[in-house]
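Take a look at the structure below.
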Amino acid sequence: MTAYKSEFLQILSERGFIYQTSDDDALDKLFASESVTGYIGFDATATSLHAGSLIQIMMLHWMQQTGHRPITLMGGGTSMIGDPSLRDDARKLLTPDDINANLAGIKQAFASYLNFEEQGGSALMVNNADWLMDINYVEFLRDVGQHFSVNRMLSFDSVKLRLDREQSLSFLEFNYMILQAYDFTELSRRYDCRLQMGGSDQWGNIVNGIDLGRRLHGASLFALTSPLLTTSSGGKMGKSASGAVWLNADMLSVYDFWQYWRNTEDADVERFLKLYTTLPMDEIARLAKLQGAELNDAKKVLATEVTALLHGREEAEKAAETARVTFAEGQTAADLPSISVPSAEIDAGIGLLALLVQAELVKSNADARRGIKGGAVKVNDTPVSDQAMSIGRSHLTNDGAVKLSFGKKRHVLVRVA
RNA sequence: GGAGGGAUUCCCGAGCGGUCAAAGGGGGCAGACUGUAAAUCUGCUGCAUAUGCUUCGGAGGUUCGAAUCCUCCUCCCUCCA
């Protein structure tokens, strides 16, 4: 591992964020000598980012912490096209309305990690729709298009893989990399942005931007990519039993978010502590030494720290406490995710199957039946074998709720509205 | 423009007139074992209050009966021009 002079690169390096850079020495010098502006682009294809983007967000976080200026570039314009990288088939096209709604949702999460200018911080949030939407096609082709060689573009992985696998790649998507390169040059022109970061799959796109910047403005730009993260057993980051691990609390409860990190595989604990928390390195080293069942303590720290960054310390502690009561004591914690049903329905009695669906523990009645058959379903911690079971007022426990469980880890409280 | 090949359930991929809700694998979920881990083993994996319904690119047709045959359409691929 190279020893870096700049604090920023030193931290990124020792915490495992760096996969490759375009020019280690020059970049290090730059960061050591001045306050640098750098950016990462984010898609606007969903209303929330998920845990897979967290590593990028952390890089921006560290950038700001070490005295530099991070820019989050929202892909309002590029999301109109869709990144062909690592996708087998063409994406559905989003409407401008979709995209704007998505951008609004995504912004929420960033505020937890970065201080934006509006609030007296240095971070910027920029939307590439600002310049992409007004591009004049002929002008753009002449100014920018002349610098791109199709021969070379065809050799990029994002394109080549699709062609090799005999899958279609539309011209629209083919242009994605040009627009991304153009983004970099625009940011460099407008904000003196010198660095683009991203996942290692973005390398080609970023390097294109560097080349273009040099040709258009003689700018000296840099790339820094992070490793593509998978769990030790090969799974993709950011997926859980109930789907993606969203950052927005309205899409994934704080408790479930905490649970996701709590269930980290042994082999990933140290890596994740470094990447996703801001704990000092020696503290991480101490936690990583724990063996066997003791490692569970490290996982709890991991979960609480990651959750605290996103949702705040208080919410994180609450989730931790809820988990403790639920798992360690086997009690019903009042703070589990909950749904509410109208009082009248409870009086009449609700079918268990329907209730499980409503609680989003299963996706269909049939799914619920299968769960019951397999012994996965519990009501108030009592296993259920009767598919026709009806939940009524008599099932309410002292704290006025019914606890539904699907499997050992997923619990939902049903309250009366 | 011409000639051929293809489109199957979340993904890959068999099926080529009934026994097909559709082999096998992957993924996912659950159970057992554990440490709310991994690995392993087992079960489940279209919807619906059974026998019912909807699925095999789309629309028609042949047939008692079609994912399987025919016609047209859409999209993809390969070769020729």
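To find a chain, count down the sequence lines: A is the first, B the second, and so on, and within it residues start at 1.
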Q: Look through every strand shown and name the nucleotide pairing with A67(B) as Watson-Crick or G-U wobble, where both distances are under 3.5 Å.
A: none
Q) Under 3.5 Å, is there a donor-acceptor pair between the Ser122(A) and Gln64(A) side chains? A) yes
Q: Answer yes or no: does a side-chain N or O of Ser364(A) lie under 4.0 Å from OP1 or OP2 of A48(B)?
A: yes
Q.
Using a strict heavy-atom distance below 4.0 Å, which residues from residues 312-326 of chain A are in contact with RNA chain B?
A. Ala323(A)
**Q.** Leu12(A) vs Met59(A) side-chain heavy atoms within contact, under 4.5 Å
**A.** yes
Q. Taking atom C1' in both G5(B) and G25(B), what distance in whole Å separates the two?
A. 25 Å
Q.
Quick one, Met58(A) and Arg15(A) - any side-chain contact, counting heavy atoms below 4.5 Å?
A. no
**Q.** More than 12 heavy atoms of other groups within 6.0 Å of Glu314(A) CD
**A.** no
Q.
I want to check one thing: is the phosphate of C47(B), taken as OP1 and OP2, less than 4.0 Å away from some side-chain N or O of Asn365(A)?
A. no
Q) What's the closest nucleotide to the Glu265(A) side chain, out of G35(B), U36(B), A37(B)? A) A37(B)
Q.
With rounding to the closest Å, how many angstrom separate the P atoms on G18(B) and A38(B)?
A. 44 Å
(Q) Could you check, using the six-membered ring where one of them is a Trp, whether Phe140(A) and Tyr182(A) have ring centers closer than 6.0 angstrom? (A) yes
**Q.** Leu356(A) CG to U49(B) C1', straight-line distance once rounded to whole Å
**A.** 15 Å
Q.
Distance check needed: C47(B) P versus Lys363(A) NZ, whole Å only.
A. 6 Å
Q. Any side-chain heavy atom of Asp183(A) sitting closer than 4.5 Å to one from Leu132(A)?
A. yes
Q: Check the distance between A30(B)'s P and Leu404(A)'s CG and give it to me in whole angstrom.
A: 15 Å
**Q.** Geometric class of the Trp261(A)/Tyr276(A) ring pair [parallel <30°, tilted 30-60°, perpendicular >60°]
**A.** tilted
Q. Using the C1' atom in both, what is the distance from C16(B) to G31(B), to the nearest Å?
A. 39 Å
Q. Mind checking who C33(B) pairs with, Watson-Crick or G-U wobble, both distances under 3.5 Å?
A. none
Q) Using the C1' atom in both, what is the distance from C72(B) to C80(B), to the nearest Å? A) 26 Å
Q: Determine: side-chain N/O of Lys408(A) to OP1/OP2 of A32(B), distance under 4.0 Å, yes or no.
A: yes
Q. Under 3.5 Å, side chain of His395(A) to main-chain N/O of Gly392(A), donor-acceptor pair present?
A. yes
Q. Phosphate oxygens OP1/OP2 of A37(B): is one of them under 4.0 Å from a side-chain N or O of Lys300(A)?
A. no
Q.
Going by purine N1 to pyrimidine N3 plus the second Watson-Crick contact, or the G-U wobble pair, all under 3.5 Å, which nucleotide sits opposite A48(B)?
A. none
Q: Name the pairing partner of C72(B), where a pair is Watson-Crick or G-U wobble with both distances under 3.5 Å, or state none.
A: G58(B)
Q: Check RNA chain B against residues 369-378 of chain A and give the residues with a non-hydrogen atom under 4.0 Å, in numerical order.
A: Arg369(A), Arg370(A), Gly374(A), Gly375(A), Ala376(A)
Q | Tyr260(A) OH - A37(B) C1' separation (whole Å) | A | 14 Å
Q: Calculate the interatomic distance between Phe327(A) atom CZ and G35(B) atom C1'; express it in whole Å.
A: 12 Å
Q. Roughly how far apart, to the nearest Å, are A66(B) and C75(B) at atom P?
A. 28 Å
Q. Val306(A) versus Leu54(A): any side-chain heavy-atom pair under 4.5 Å?
A. yes
(Q) Counting only side-chain heavy atoms from C-beta out, which of U36(B), G35(B), A48(B) sits nearest to Lys299(A)? (A) G35(B)
**Q.** Ser364(A)-Asp367(A) side chain donor-acceptor pair, cut-off 3.5 Å
**A.** no
Q: Can you tell me the distance, in whole Å, between the CZ atom of Phe406(A) and the P atom of C44(B)?
A: 15 Å
Q. Leu353(A) has an atom CG; how far is it from atom C1' of C47(B), in whole Å?
A. 13 Å
Q: For U78(B), give its Watson-Crick or G-U wobble partner with both distances under 3.5 Å, or none.
A: A3(B)
Q) Whole Å only: how far is the CG atom of Leu290(A) from the C1' atom of A38(B)? A) 17 Å
Q.
Partner lookup for A23(B), please. Criteria are Watson-Crick or G-U wobble with both distances under 3.5 angstrom; report none if nothing qualifies.
A. none
Q: Side chain of Asp266(A) only, please: which of C47(B), A37(B), U36(B) is the nearest?
A: A37(B)
Q) Base, sugar-phosphate, or nothing: which does Asn296(A) touch, judged by heavy atoms less than 4.0 Å apart? A) base
Q.
Can you pull out every side chain to side chain donor-acceptor pair (under 3.5 Å) where at least one residue sits in residues 378-392 of chain A? Sequence neighbours excluded, please.
A. Arg369(A)-Gln387(A), Asp381(A)-Lys403(A)
Q.
Counting only side-chain heavy atoms from C-beta out, which of A48(B), A30(B), A37(B) sits nearest to Arg410(A)?
A. A30(B)
Q.
Say we look at G28(B) and G46(B): how far apart would their C1' atoms be, to the nearest angstrom?
A. 15 Å
Q. Does any N or O donor sit under 3.5 Å from an N or O acceptor when you compare the side chain of Gln259(A) with the base of U36(B)?
A. yes
Q. Would you say the side chains of Gln196(A) and Gln180(A) form a donor-acceptor pair under 3.5 Å?
A. yes
